[in-house]
Each structure stands twice: as structure tokens, then as C-alpha cells.
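Please read the structure below before turning to the comments.
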Amino acid sequence: MKHTIAVLVENKFGVLARISGLFSARGFNISSLAVGETQDPSVSRMTIVVDTSEARILEQIIKQLRKLIDTISVVDLTKKDFVERELALIKVNYEKSIQKKVKAILNKHKNTTRLIREARNEAIIEICATSEEVAVFVSNLSPYGIRELMRTGKVAIA
Amino acid sequence: MKGAQILLECLKREGVQVMFGYPGGAVLPLFDVLHDSSIRFILTRHEQAAAHAADGYARATGKVGVCVATSGPGATNLTTGIATSFMDSIPVVAITGQVKTHLIGNDAFQEADVTGITRPITKHNYLVKNVGDLAHIVREAFHIASTGRPGPVLIDIPVDIQTHDTEFNWPEEVEVRGYKPTYFGHPGQIKKAAKLIAKAKKPLIYAGGGVIISGAHAELKALAEKLCVPVTMTLMGLGCFPSTHSLCLGMLGMHGTAFANYAIMNADLVIAIGARFDDRVTGRLDAFAPYAKIIHIDIDPSSISKNVKVDIPIVGDAKYILAQLLEELDKKPDTREWLSAIEQWKTKHPLVYREGIKIKPQYVVEQIYELTKGEAIITTEVGQNQMWAAQWYKYNKPRRFLSSGGLGTMGYGFPAAIGAKVGCPEMHVFDIAGDGSIQMNIQELSTAVTHKIYVKVAILNNCYLGMVRQWQELFYKRRYSYTGLCNPDFVKLAESYGAVGLRATKKEEVRPTIQKALSTNNVVIMDFQIEPEENVFPMVPAGEAIDRMIGGMA
Ligand SMILES: Cc1ncc(C[n+]2csc(CCOP(=O)(O)OP(=O)(O)O)c2C)c(N)n1
Ligand SMILES: [Mg+2]
């Protein structure tokens, strides 16, 4: 099961290395990690998604995160009513023969997507939605040929 | 003030009286200021030894130990010592020089990414990028190293920062917003624990190094006596409860006493205090303490329910929590039957060894105990020597048994003894050593002799990497692959350093040798030529349930 954890950390160099080092040293898997400054420039916020079915592992992950000196707070959002978004940029095949079909898919997801650029048989598309919706959109597009894909990882707030 | 002066001023204000270390290019400004500082500096002969000495000093005194090294190889040499302190939660501040700020990341001469290398083996670390931050960082480092679950903290200081000038401001308060250890136990949890204890029929206290760190030995004794509950200890816990006490079951685990292991496997309540259910203690996890409810008292929340599911966790400082528990407990469990069952195990399966023609290592340790009247500080190396030192010397006070438990670092004992002796000059300090381990930091003879740090080293010389040989004997069909040692003449070796070397080859020579060492006002190496293939028993094979012991049973 996927768990979404919000972590406030000191905005100092090396903090990301401490977090990623913790995960690798203890053999925990990160599904995604997004990080950025908050309204307080001395604090960064991370959204970490971990995939584990074991309650014991999740508990250890949270405790180990809290143990880091540079960690200010750790909240398991999964237990809360939280809002999440993920942004993806997708470069797809946009040859004449399939433009219509791609447009139809875009239309189906019109509230969350945008065609940003069209050039030389390629298009760059943006989607900003829940991680699940992003996944669905990507799989809908994939028959037409995805050339590059960049996902930011989930950001979440409760 | 210059950075180096600020650093030393901060150290003094933190109460640092002694530092262990080794110089080099990236700490020249620091050493220049040290030259006329009131802080005592002990020049070791290897940075690893400086880290171990700082650790030994910290374990023996309870104060923060400090070690210093230059950048690159100096810093990497510290790492084994830092990791040793980390695994055993020992408060140490390690100071390393770094290349000039503008050269960082350039693969400069003697550059190593020391904060990167030590990130997983320190409680926290710092790279000082601004001389203005230095005082604050030092203050924070000591605070973090010595509070909560203690541990090593490293400060990496570029050489130019050591010479930069700034105004010195001593921060009176330290406030780290992400670091707020819990000290008092949650009253609700204390109540629940007290109820469970009152109902227990077969309760057992399992005490670890946390009791010593927290200084909770008096509270532990009061609790055990009030409730008539027996106490077993981990290797790290030895000394937190008097070994000669009638409620004491000695050490548990892989080389624990049979009766301690039987007790924990039959207990209906285990009260774990400052212990972390290490695999050397639990053996096969799913078979561990099968009938017991578990109360776990620990200051580190991440230790709780890490290996073993706990029924009542209580996060906080053992000293406070035990005091709270003592207050809360009005009903005592009836443990008479339980204690008499344990008494029977004790009589049936005592800790024993067989006499032989050659010197028995257990006998040597017993004699050291008798001749020091149990009042020495004992450090150990790693291997059989460590286990014999744990089994056969009776520790009645905390901070008297210093051993690398978590990391199991050969080469720890001798420099740690030096550190302990510096911290407790009035005490006898013995390193109970193996012939293999002692050679990992033998160069420290020079340090001890030069600085007149008169420690005594008892080498239990079996001409083997004995513990590894024991496993080869038991589990690899006696194929002794690269575990035989061809040793130097330890007596001559000692003499060449200006220390005293003594040798014992017969049982009758053991006591006179120890007596001679005790009355010698110098560093002494005792070469006890022991039965080469003596084993440490009882022993629980790795991965077995801890009541499946082999050997050593009367
Ligand atoms: C630095 C290090 N290297 C290797 C080991 C693995 N090891 C554990 S015990 C041991 C043998 C120790 O030999 P010795 O010091 O003679 O002690 P004995 O077991 O013979 O008493 C070895 C090699 C270790 N613990 N530490
Ligand atoms: Mg040996």
C-alpha cells in the first residue's frame, strides 16, 4: 500500500542526502520524493511516497525520519483528508496520422491537461492531477508513442 | 578572534579538559593554538586510536570525549572509531580539518567528503562554511552528542575557517527545533506498566547500556529489590546491576548464562530497559521470549518495536521512568516460585570451565577480578577475550566494563583503556585482549608510555583469531582457514616501547604476573599463553532460539 508522508526539514545543504541515505541504508523503498521551499525560507517541505504493506516498516520509516536532527516534523498524510497533485511533462509522437487520436485523449482529460508545444511531429503535454490520474493518462497515451516522460512525484497537503 | 581560537574557547566552555588526536596540514592553525592551551592533548599514534580513546574516556567518565584529526586520511582513519561510538551510543565530538573552502569539491590534496562519509555513522555532522557559525555549531554539537540517545557528532572545519577572524559570541542557549528528546515517561503508559507488573508471575528485567548512559543504576536496583524481580543484562549493560547480587542472572544472549536464557524464554513479563533486542541477544526472533508480554523503556522511539513487537512502550529517560514506576507501583508480584525455579537452573547449569594443563583464560580473568577486588575498569578487544571478560569478571558498578558491543571492533580495547585511564587516573585500567586484536592498535604503546598513561594489557594469547577459529571448529569442520597467528614476542615488543613485558605459561604464574603488573608503575603487557583451542561456552549458534545452547554445561 502507498503511504504519503509530509516531512518538514531544515532548508540546509545535505538534508536531502540525509533523507535519501536513510532510505538506502535501511533498505526502504521510495516511490517518489518531491521537495521545495515553504513560506518560511528556512524550512523545506518534502512529500515522500513509500510503498509497503508492513505496518512495522512504515512505523520505522516515520521514526527514523523523526530521528534526524534536521527533521522538524513528520506527518503520515495517509491517515488524513489530504489533497494531492502531481505534474508530468510528456513528449508524445504527434505525427499527422495520430494527431486526432491524441487530441481526443487530451479532450477526455481536459480539466487537467494542456498541450504546451507542437513541433516536428512531436507534442509536449502537461498534466497536473492526482498521481493515479497521471498514471491513467500516461497509459492512454502510450500506444501512440511516448518519447520522453518526466513526473515530479506527488506533492500533498492536508 | 580567529576560528581556531574560537573553537578552543568553546571547547573549554563545554568543559573539555583533554583531547585525543593527530595533526596534519588542515589542522595546523588549530594545533598552533593548542600549543599554549590549557586543554591537555594526547597525541596518539593513529587516528583510529584517538577516536577509541575519546570513546573510552566518555564511557568511563560519562563526559563527552573529543578527538581531532586532519582532513582526508586523518579523517578516514577516525571512521572506525566513530562508527564504534555510534553503535554503542557514546557521546563523542570529532573535529576534522578540511581543505580550504574554495577548494572543496575540487579533489584537492587530502580532500575527502568527510560529512558524506560519516553521515550514516554519526548522530549528526557539520561542515563549517562560515567562521561566524562556528561557536553555535560547537555548542549544538556538544548538546546533541550528550543528550537524548547520545552519539558521535562530527565537525568538519576547513583550514581557512580556522584562520578567519570574527567576533566571538558564546551562545548561552541552544535550541534545535527538530531535536527535542522525551525525558519523562507518559503517565498513562507508566500506569499500564505498573498494572502488568503487579499481575506477573514470572517477570524478568532485561537491562542494557541505556541504564548506564542514563545513570539509572540506583533506580534499577531499587526496582528489582522492591519487586523481587531477577535482572539479566546485555553486554553493554554489564555493571548496571551488581553481578554479585542474588537477583542477578548475568549476561543473556549468544554467550549468556544458561539460566539467564532459560529465564527469558520462560518469563511471562519482560521489562526491557535501555536495551534494543539486538540479534546477539534474541537469537531466533520468532522463538524469543514466547510467553512474555513486553514493556520496553527506551529514550529512542525508533528502538521500540523495531525487532520485537512490544506491548507497552515507554519513551523517555530510564532514570526518570524507573523513578515514576517506583512511585506508581503499590502492588508487588509474587515471584517466590519463579525465583526458586531460577535458583534451580542456576544450580543445575552454572557458568563453568574445565581445568586443564595449560592456563585457562577464564582463570586469568577471575584472578584479575580477585586481585583488583572488582575495582578496576576493564576494557576488552573483540572475540573470545571479550566474552571471557564479560563472563568471568564481576562488574558491580556502571562504567567499569568498556567494550565494543554493537560494532565489535577489534583494536578498540587498548586505546579505550588509555582514554579511560586519562579520565580516571586513580583507577586500575586493564585491557583484556586477544593476541590478534592487540596488534590492531599496538602502536599505542608509544602513546601510553610517552604520556605516562599506565594501563595494563592482559593478552589472552591463544595464537589464534580465536572466536573465528571457534566457529570454524563448530560449524566448518575444523577447517582453520587463515585463523592461526604467528605472533611477535610480546615481552620484547613491550620492552622496545619502554613498557614492561611479563609472560605466564603456567597456571601458578598467573597470579604473580597480575600482582607484578599491579605494582609496576608503568605500562605493562602480560602475555598469558593460554590453552589455544579453548572455546567460549555456553554458545547459542547464530539463528537458533536462545535456549538452544551448546557446550559448557555442567
Ligand atoms: C576490525 C575487525 N576485523 C575483523 C573482525 C572479526 N573478528 C571477530 S573476533 C576475531 C578474532 C579475534 O582474535 P583475537 O583478538 O586473538 O581474540 P580471541 O578470539 O582469540 O580471544 C575476528 C577476526 C572484527 N571483529 N573486527
Ligand atoms: Mg587470539
Side-chain angles (χ1 to χ4, degrees), chain A residues 3 5-30 33 35-48 50 52-76 78-79, chain B residues 83 86 89 101 104-105 113-130 133 136-137 140-145 147-154 156 174-182 276-277 285 296 298-310 313 315:
Chain A
H3 294 267
I5 304 169
V7 189
L8 291 183
V9 296
E10 297 288 346
N11 186 8
K12 289 183 188 161
F13 82 96
V15 175
L16 189 58
R18 290 185 201 281
I19 305 256
S20 60
L22 182 162
F23 276 81
S24 65
R26 295 189 181 267
F28 306 142
N29 282 319
I30 304 185
L33 187 155
V35 55
E37 252 182 29
T38 63
Q39 71 280 16
D40 174 351
S42 74
V43 178
S44 298
R45 181 174 172 122
M46 297 186 181
T47 303
I48 304 178
V50 296
T52 175
S53 50
E54 278 184 69
R56 192 179 59 88
I57 303 263
L58 179 69
E59 184 182 328
Q60 265 301 306
I61 291 174
I62 291 176
K63 284 175 170 176
Q64 293 294 344
L65 284 169
R66 286 202 174 119
K67 194 166 158 179
L68 294 175
I69 307 290
D70 284 336
T71 302
I72 301 164
S73 76
V74 183
V75 181
D76 182 3
T78 319
K79 294 179 185 153
Chain B
F86 184 67
S89 310
T101 326
I104 290 177
D113 174 9
V114 172
T115 46
I117 290 168
T118 60
R119 200 175 289 127
I121 54 166
T122 50
K123 186 171 172 187
H124 198 53
N125 63 20
Y126 299 89
L127 170 62
V128 184
K129 289 185 152 176
N130 219 308
D133 299 337
H136 190 80
I137 286 175
E140 237 178 67
F142 276 80
H143 173 63
I144 290 169
T147 54
R149 178 178 181 174
V153 177
L154 178 134
D156 200 23
V174 254
E175 158 83 19
V176 187
R177 60 182 159 182
Y179 177 68
K180 300 260 166 357
T182 305
R276 58 188 177 88
F277 297 89
L285 255 188
H296 190 181
D298 206 292
I299 199 158
D300 176 5
S302 73
S303 280
I304 291 176
S305 290
K306 182 175 67 181
N307 300 333
V308 169
K309 185 108 192 60
V310 167
V315 174

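FYI, side chains are in, hydrogens and waters are out, and symmetry mates aren't considered; it's all heavy atoms of this structure.
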Side-chain (A:R56) to main-chain (B:K306) donor-acceptor, under 3.5 angstrom: yes

Most contacts with chain B, counted as non-hydrogen pairs under 4.5 angstrom, among A:G14, A:A25, A:S42, A:G21: A:S42

Most chain A-contacting option - heavy-atom pairs closer than 4.5 Å, from B:G178, B:S305, B:P181, B:P120: B:G178

Backbone of B:S302 reached by a side-chain donor or acceptor of A:Q64 within 3.5 Å: no

Beyond-backbone contact of A:D70 with B:H124, side-chain heavy atoms, under 4.5 angstrom: yes

Rounded distance [0.5 Å steps], OH in B:Y126 versus CD1 in A:I69: 7.0 Å

Residue among A:K12, A:R18, A:K67 with most heavy-atom pairs under 4.5 Å to chain B: A:R18

Which portion of B:D300 sits near chain A, non-hydrogen atoms under 4.5 angstrom: side chain

A:F13 six-ring face occupied by B:K129 cation (under 6.0 Å, within 45°): yes

Within 6.0 Å of NZ in B:K180, more than 12 heavy atoms from elsewhere: yes

Check ion pair A:E10-B:R177 (N to O, under 4.0 angstrom): yes

Euclidean distance, A:L68 CG relative to B:R119 CZ, rounded to 0.5 Å: 10.5 Å

Polar side-chain atom of A:K63 near backbone of B:I304 as donor-acceptor pair, under 3.5 Å: yes

